[in-house]
Amino acid sequence: MDTATLFDFRTGRQSRRIYSADEIYQLELERIYGRCWLFLAHDSQIPTAGDYIRTFMGEDEVLVVRQKDRSVRAFLNTCTHRGNRLCRADRGNARAFTCNYHGWSFTADGELAGVPLEKEAYFNEIDRSKHGLVPVAQVQIYNGLIFGNFDADAPSLSDYLGDAKWYLDVWLDAMPGGTSLAGETQKIDFPTNWKFPVENVCGDGYHLGWAHHAAMQAVQTMDLAGLRAGNSDASGLDMGMSVAGLNGHMVLAALDGQSGYAFYPDPKPFVNYLEANRATVSERLGPVRAQKLWGSQLNITIFPNLQLLPGLNWFRVYHPKGPAKVEQWTWAMVENDMPEDIKSMILENQCLTFGPAGLFDNDDGDNLTACTEQSRGWRTAQMDLYTHMALGHSAPREGFPGDIATGLVSEHNQRYFYRRWQELTSAASWKDVASYNLNSLTEKG
Amino acid sequence: MDTATLFDFRTGRQSRRIYSADEIYQLELERIYGRCWLFLAHDSQIPTAGDYIRTFMGEDEVLVVRQKDRSVRAFLNTCTHRGNRLCRADRGNARAFTCNYHGWSFTADGELAGVPLEKEAYFNEIDRSKHGLVPVAQVQIYNGLIFGNFDADAPSLSDYLGDAKWYLDVWLDAMPGGTSLAGETQKIDFPTNWKFPVENVCGDGYHLGWAHHAAMQAVQTMDLAGLRAGNSDASGLDMGMSVAGLNGHMVLAALDGQSGYAFYPDPKPFVNYLEANRATVSERLGPVRAQKLWGSQLNITIFPNLQLLPGLNWFRVYHPKGPAKVEQWTWAMVENDMPEDIKSMILENQCLTFGPAGLFDNDDGDNLTACTEQSRGWRTAQMDLYTHMALGHSAPREGFPGDIATGLVSEHNQRYFYRRWQELTSAASWKDVASYNLNSLTEKG
Amino acid sequence: MDTATLFDFRTGRQSRRIYSADEIYQLELERIYGRCWLFLAHDSQIPTAGDYIRTFMGEDEVLVVRQKDRSVRAFLNTCTHRGNRLCRADRGNARAFTCNYHGWSFTADGELAGVPLEKEAYFNEIDRSKHGLVPVAQVQIYNGLIFGNFDADAPSLSDYLGDAKWYLDVWLDAMPGGTSLAGETQKIDFPTNWKFPVENVCGDGYHLGWAHHAAMQAVQTMDLAGLRAGNSDASGLDMGMSVAGLNGHMVLAALDGQSGYAFYPDPKPFVNYLEANRATVSERLGPVRAQKLWGSQLNITIFPNLQLLPGLNWFRVYHPKGPAKVEQWTWAMVENDMPEDIKSMILENQCLTFGPAGLFDNDDGDNLTACTEQSRGWRTAQMDLYTHMALGHSAPREGFPGDIATGLVSEHNQRYFYRRWQELTSAASWKDVASYNLNSLTEKG
Amino acid sequence: MDTKDSHDLQRLFDLRALEDALYREARLLDGEQLTEWLEQTTEDVVYRMALTSRRFRKDRSAPLPVGHGYIFNDTRGRLALRIKRLQSGYVWAEDPPNFVRRLVGNVEIVPTEIPDEMTVYSVITIHRSRIDSQTRTFIAGREDLWRKVEGRWLLAKRDITLDHSTIPDTNMNVFF
Amino acid sequence: MDTKDSHDLQRLFDLRALEDALYREARLLDGEQLTEWLEQTTEDVVYRMALTSRRFRKDRSAPLPVGHGYIFNDTRGRLALRIKRLQSGYVWAEDPPNFVRRLVGNVEIVPTEIPDEMTVYSVITIHRSRIDSQTRTFIAGREDLWRKVEGRWLLAKRDITLDHSTIPDTNMNVFF
Amino acid sequence: MDTKDSHDLQRLFDLRALEDALYREARLLDGEQLTEWLEQTTEDVVYRMALTSRRFRKDRSAPLPVGHGYIFNDTRGRLALRIKRLQSGYVWAEDPPNFVRRLVGNVEIVPTEIPDEMTVYSVITIHRSRIDSQTRTFIAGREDLWRKVEGRWLLAKRDITLDHSTIPDTNMNVFF
Ligand code: FES
Ligand code: FES
Ligand code: FES
Ligand SMILES: [Fe+3]
Ligand SMILES: [Fe+3]
Ligand SMILES: [Fe+3]
């Protein structure tokens with residue numbers, strides 16, 4: 001089917017069928033989840049050889065394993081014998097994986113190492129090299145984030161991320177010690193189309209002042225320019241920006257260098273930490289990112305389903321489970337150089353704000369579910385929606401990559417998200433998918 | 001797909017696939033629920049400006065709102081911004097509807113009245129007139145019953161109802177005070193194909209004596225000619241009639257002018273009420289309807305999914321939720337001129353007989369569910385069923401519109417129901433749908 | 001669709017889509033369940049005229065009834081009037097079946113015997129002979145096992161079973177008293193594709209030593225050559241055999257004449273029973289079956305969904321309920337000549353080992369569910385699996401019908417199961433389905 | 001044993017007596033001993049389950065002219081009617097019988113002005129196992145009035161709050 | 001305190017002692033302390049869950065020749081077997097362990113002829129949380145016989161009525 | 001009445017007092033009387049629900065560097081925060097209110113060293129009826145510490161074990 005008519009980047013018009021039609025969802029599984037770089041795990045979750053995590057790529061279950069040589073491999077979590085689920089644990093450490101059904105065992109590198117009765121039953125005629133675990137076609141790591149890709153012809157992770165790396169590094173590479181994900185995975189069974197939570201976080205500063213009014217009232221302790229805008233009285237370039245035009249990746253950024261901690265009961269220790277280390281960061285990332293971005297509230301989205309929010313310090317991936325369902329996984333995240341007390345404040349605060357019982361998440365859950373349910377009706381599915389807020393008001397900005405709209409409140413990022421969605425769903429292969437990093441610094445410099 | 005082979009009006013033969021095949025159900029949503037006049041609400045439920053009800057048209061959720069000018073409008077209950085469910089309450093009164101997600105607010109007439117940050121975020125460039133609520137194409141009212149239609153090309157409600165109005169008025173227009181629906185909506189999650197409950201009530205007097213034997217034994221206090229037939233010893237024209245051939249609408253009618261109250265513990269107050277007011281009714285509707293129909297047990301069906309039973313005094317609509325599921329909504333109904341004691345007797349009795357815990361409904365629930373489940377099997381779905389009871393035994397009857405079969409026990413009405421079902425499902429547009437009111441009085445007079 | 005590419009008998013390669021694709025499942029309902037002989041009931045379950053059982057053929061609900069003349073008939077369990085479920089009990093005895101909805105009643109032979117108001121409502125114009133219950137096209141009995149077939153053109157049950165009868169008789173015909181199923185039906189709602197449990201039991205001795213390690217440790221009291229193999233130290237022809245090439249039917253057989261009772265706390269009474277009666281059996285079945293098979297652990301599979309295990313003494317049928325679900329029905333089975341104490345030991349042991357809380361079944365449940373779930377993913381569904389253990393190591397064996405692989409541990413039988421699966425799913429009618437009984441004794445003798 | 005203690009003790013006796021009554025009720029109803037159950041109610045028993053709707057907290061709409069209506073609104077006579085039907089042998093939906101199991105908990109008692117009348121709060125879930133693998137569960141809160149008559153506690157009033165805005169089953173041939 | 005009171009008081013003590021035993025049982029089982037649980041049963045304990053079927057009330061069919069059969073029909077030895085398996089470390093379905101939670105209610109006691117033996121009725125629901133978002137619930141009624149041995153109540157007999165005609169899970173690695 | 005009896009009797013009083021407290025809690029929470037509920041907790045109350053994962057029993061992986069994390073990890077102040085939000089009138093998901101019903105059972109008490117502090121075990125199911133026919137059920141075990149202050153039992157500590165590895169609802173605007 002043709003998805004060209006389902007979204008129009010010039011006007012922001014989109015069809016509601018993209019949230020309900022099963023044929024469209026199947027196409028997404030093939031052309032987006034079957035083709036894009038998908039987040040698998042963070043280095044910190046599987047530090048030791050043999051550490052593994054069970055996760056999903058689209059609806060496919062995969063096993064991500066740290067190798068002896070410190071590299072990481074990923075495999076379909078399915079035994080190659082009769083197709084049983086190979087590993088039933090969420091995470092752990094193992095020398096090998098042994099299937100419950102007939103006892104085939106596979107080493108951490110996916111090789112079929114043990115076949116019970118290989119001699120008696122297989123007459124030593126089985127070519128074990130042909131029955132190793134099915135590897136995910138490509139696995140690459142960027143500053144601690146492990147990604148997998150089912151498509152051998154996909155561009156490299158680095159090209160795929162493009163200039164989004166410049167923003168990602170504000171979290172991943174600011175401090176020498178690097179970063180970690182903290183705590184167990186917070187999983188929610190969430191009846192929404194996967195695109196709704198992504199658009200909600202990738203650019204939708206618009207809902208903060210309204211949907212999260214109560215939560216913000218309860219926990220906000222510091223001003224946040226972009227959000228003040230959400231409460232109607234800000235202006236000017238200092239009030240944050242919406243960055244897109246980066247291969248479908250997006251960033252929302254405040255620019256005050258501390259507002260990330262606006263939702264903590266006591267921001268002081270954080271502010272101290274930031275000031276104490278800003279010089280270091282400046283050396284590593286240069287003044288612009290050190291002053292304007294590090295410590296600011298950032299929403300970073302890596303297409304299609306990964307989002308991280310430095311400041312609020314949560315990290316999230318959405319696993320699609322059908323046109324109207326996702327399993328949402330969230331973690332708290334920390335910089336390893338942070339003092340312990342700050343780390344535990346982050347953990348405490350993350351579960352208060354954005355965990356399964358988080359004050360903010362509990363505001364969004366029902367809205368995103370309802371957006372999905374309301375896309376089903378025969379007549380309603382014929383409707384168009386418009387993602388056109390601040391259409392035509394973006395521009396390049398000196399010193400920052402991407403096509404940029406001013407402020408945290410616009411639909412600029414969402415438009416680029418759906419543009420990428422359409423480019424991928426309508427392309428037969430990567431050859432037909434454009435790569436673009438608008439206003440790249442490298443070009444200029 | 002072609003539905004011509006699925007039902008044969010001449011023989012009553014029908015395919016069981018119409019109760020299970022998803023493709024047929026989708027066609028029904030488009031060509032029946034997307035095209036017919038569907039009951040939305042009763043005037044009495046939203047008396048005051050700002051009163052509203054949340055209901056469904058097919059699987060589409062709609063909001064029905066009383067306007068300042070006393071008119072009624074209906075809209076898809078979905079915000080035009082990102083498609084959130086707009087109103088989450090079942091009913092209420094509101095000056096405006098404000099969306100939970102970003103705070104867009106719409107006035108009762110569907111206009112987009114408020115857009116947060118319209119200046120800061122939309123740069124005052126949003127044309128609000130283009131983003132009002134999506135109206136239901138047509139909303140018309142007949143004697144207190146509010147109907148909506150998704151098809152702008154549909155015939156007027158009056159033409160659609162045709163001579164069924166002559167029978168409807170026996171309830172809606174008999175007394176000067178008009179009628180009301182009483183009490184909260186009684187909703188049941190009911191795993192049946194929507195056509196089964198409709199055929200059960202539209203013409204199936206046949207099951208009363210059997211399926212409801214226990215209930216009737218428990219509560220019947222008065223003879224009811226048509227039902228005596230159901231218990232095998234009636235005959236002659238006095239025993240009621242099955243009326244169809246009216247654009248797919250149908251009526252079952254006893255003719256004794258009081259049997260409607262046969263299932264009340266003490267019919268006397270009702271009989272007194274009837275006799276005290278029959279003269280008035282005669283003035284308003286003429287002697288035939290006043291003597292023969294007013295007070296008699298009537299089952300009136302307005303195609304496709306509305307049924308009201310003067311006498312037993314319940315009013316019901318079926319919302320389809322898939323080939324094998326409906327949400328059934330029921331209310332008690334009263335004439336506003338009735339004295340309070342009678343009104344409360346009706347409320348009491350309705351919940352005893354036809355509410356969620358009604359003695360009669362609890363007999364039907366499992367049968368209609370099983371009829372649906374049993375239509376699924378690969379072999380069973382190939383079966384034909386025959387709706388041919390009293391085939392060829394209908395005739396015109398002096399003074400009554402429609403093609404009429406004698407007695408309350410026949411499948412005469414069901415045949416016309418499925419005939420209409422087929423006419424609509426096989427027609428590309430209303431132009432191809434015949435309108436017929438057999439033996440119309442107007443023709444004659 | 002073409003199923004030729006989905007399985008390759010020469011290499012054992014198969015596509016995982018056969019466990020998840022709905023279109024393939026629909027084809028199975030039509031070409032396998034709509035065409036094969038399906039087990040309905042055991043003579044012992046409906047001994048008396050009027051005894052009946054409610055069961056399924058594919059997803060179709062059927063009623064199996066013992067007739068006055070001792071014959072058995074089966075009908076779709078659906079009323080021919082409006083299609084209600086006719087009988088709501090699992091089993092019982094009845095002179096006639098009366099529908100709950102309008103009271104039509106049908107005699108045990110399926111004839112429409114009673115129509116309420118036949119005169120008043122049907123004007124005696126209904127031809128009752130045209131509205132009897134829909135019979136299952138063919139019902140035939142083999143040594144106590146009652147089978148039904150929806151396809152009037154199917155070969156006779158005897159031809160369908162072919163040389164599998166030679167093995168079936170080891171259970172059904174060894175002793176003059178015949179056999180019975182004991183106890184109520186043990187039903188489990190089991191989210192697995194129907195082919196997984198069938199292949200698990202039809203040939204998969206491979207999983208016993210592993211998946212059931214704990215259970216065997218807990219209850220095994222006797223050696224079982226084939227299973228010793230499963231624990232790696234057996235060899236030679238004495239260690240059992242895997243028999244296939246019999247029209248899709250299969251047998252796993254130990255050959256020691258007593259190992260069937262290897263899983264009983266105290267095998268002695270069984271061994272005594274076996275030795276006391278082996279002479280009788282020899283007279284009836286000849287020395288080969290009497291010495292080698294009677295009393296040995298046997299897994300007999302009748303294509304597509306019937307399995308019985310003499311020794312462990314359970315009998316099982318799988319009712320498909322969608323691509324990812326079955327309702328699994330199990331019974332204990334006994335030889336009627338067994339002394340009461342042995343019968344009750346069998347009942348006790350069956351529920352300990354293979355009932356809903358059976359030590360063995362509880363090992364398999366999650367594996368088979370996971371095999372099914374893991375076949376769903378977009379990428380995983382593209383995988384091939386190989387059923388190639390001991391490929392090419394089968395041969396004829398003197399005195400035994402079928403193509404035979406040595407030992408209980410191989411995938412020989414599974415290959416033939418999927419071969420039959422493919423022959424049937426790709427054939428337009430029985431005319432295109434080959435019948436084969438490899439190495440038939442009759443040919444030789 | 002001082003007065004407070006003996007007063008507390010009396011309360012324990014009452015509490016348990018009423019728990020016994022509620023559990024017995026559940027067992028009688030699960031076992032379809034409907035007549036016995038009815039005998040555990042007073043002549044003037046009021047048995048009600050009101051209809052409701054999801055409304056905004058700040059909703060301004062007027063109360064419904066003729067009240068909200070009921071699912072059950074029974075006197076002893078009407079309960080007897082229902083039982084008469086259920087015992088008539090013609091209620092096909094209950095033959096074969098479904099497996100029905102009530103779980104009652106959160107029992108609290110509050111004395112009233114009248115010495116022999118006690119307000120009793122409780123929560124009930126009713127599990128119904130229907131044909132094949134179909135299961136349904138009802139959940140409801142109850143506020144009862146129990147009256148002690150000749151040393152025996154009888155149900156005098158029951159207001160049932162059903163916690164479903166949409167009934168999750170095709171019939172309600174059950175008492176709460 | 002008069003005799004009636006002291007008799008009533010003794011009943012309260014017995015009731016609570018048995019409730020304690022039932023709740024402790026549930027907690028031990030949820031926590032997989034299977035051996036400790038077994039120790040709370042008598043040597044001659046009989047533990048049964050019968051198979052059943054939906055039958056018409058007026059069904060005329062003959063009783064099954066060899067009885068209805070069981071899902072559980074265990075002696076202490078057989079319960080020990082099950083426990084041995086569950087503790088063997090090879091029961092893959094229970095590793096990783098599922099989250100299992102029992103809710104026990106409607107506890108009623110009825111004295112028997114034998115002074116130290118008590119009939120105990122109760123209802124149990126067992127919730128199991130399986131991989132990802134799968135949840136399963138069993139519901140059953142129980143009729144127990146408990147025996148007081150050296151001042152300690154032990155389970156001597158348990159007849160479980162499972163309220164499902166079709167088992168709603170892929171295994172029953174749980175005790176009721 | 002001998003000492004043992006009076007001791008047992010005191011235990012019955014304590015048990016019931018704590019059952020009363022738990023049932024009252026459930027009723028207050030179902031009725032959204034959140035402030036009243038909070039008043040039934042101590043100043044230093046600790047309210048926790050830990051995150052967890054399905055792990056192999058023999059799993060060798062190292063403990064998580066910064067702990068397992070929580071779903072709830074609240075002080076009285078944080079509980080007050082949640083309540084403040086819930087009562088702010090801006091929590092759209094709770095307006096219209098859902099029907100929420102708690103069923104609490106398996107109540108057991110164990111004395112601690114401190115005379116006026118009691119460990120209390122219980123099980124809770126929370127049924128939520130959402131828009132249209134959507135229903136959700138949470139199940140959890142609880143280990144509480146209750147402290148007697150001026151003759152009134154207050155909740156001092158609650159460790160909740162949620163029996164779901166995947167949360168079965170789109171929000172957790174409920175207290176356990
Ligand atoms: S399926 Fe894994 S070993 Fe057989
Ligand atoms: S979706 Fe309604 S305001 Fe945005
Ligand atoms: S459906 Fe069976 S008698 Fe009408
Ligand atoms: Fe949000
Ligand atoms: Fe009816
Ligand atoms: Fe097995």
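So that the names make sense, note that chain A is the first sequence line, chain B the second, and so on, each numbered from 1.
Taking His131(C), Glu59(C), Met57(C), Lys130(C) one by one and counting their heavy-atom pairs under 4.5 Å with chain B, the maximum is reached by His131(C).
Of the two parts of Leu368(B), only the side chain, counted from C-beta on, holds a non-hydrogen atom closer than 4.5 Å to a non-hydrogen atom of chain C. Heavy-atom distances place both the backbone and the side chain of Val115(C) under 4.5 Å from chain B. Contacts between Glu30(C) and chain B at a heavy-atom distance below 4.5 Å involve backbone atoms as well as side-chain atoms. For His213(B), no part sits under 4.5 Å from any heavy atom of chain C, backbone or side chain.
Taking 4.5 Å as the heavy-atom cut-off, the residues of residues 32-41 of chain C that approach chain B are Gly34(C), ordered by number. For residues 90-105 of chain C, heavy-atom neighbours of chain B at less than 4.5 Å comprise Thr98(C), Cys99(C), Asn100(C), Tyr101(C), His102(C), Gly103(C), Trp104(C), sorted by residue number. Listed by sequence position, Gln14(B), Arg16(B), Tyr19(B) are the residues of residues 4-21 of chain B in contact with chain C, using a 4.5 angstrom heavy-atom cutoff. Heavy-atom proximity under 4.5 angstrom to chain C picks out Gly377(B), Trp378(B), Arg379(B), Thr380(B), Met383(B), Leu385(B), Tyr386(B), Thr387(B), His388(B) from residues 376-388 of chain B.
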*Mind running side chain to side chain contact (heavy atoms under 4.5 Å, CB included) on Asp366(B) and Arg88(C) for me, showing each step along the way?*
CA-CA 10 Å; Asp366(B) 288 34; Arg88(C) 309 177 73 254; 3.2 Å; yes
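His207(B) contributes atom NE2, which lies 11.5 Å from atom CG of Asn84(C) (distance to the nearest 0.5 angstrom). One distance of note links CG of Leu117(C) with CE of Met389(B); it measures 7.5 Å at 0.5 Å rounding.
Annotation: side chain of Arg82(C) is in contact with side chain of Glu411(B) (closest heavy-atom distance under 4.5 Å). Between Pro116(C) and Tyr206(B), some side-chain heavy-atom pair lies under the 4.5 Å cut-off.
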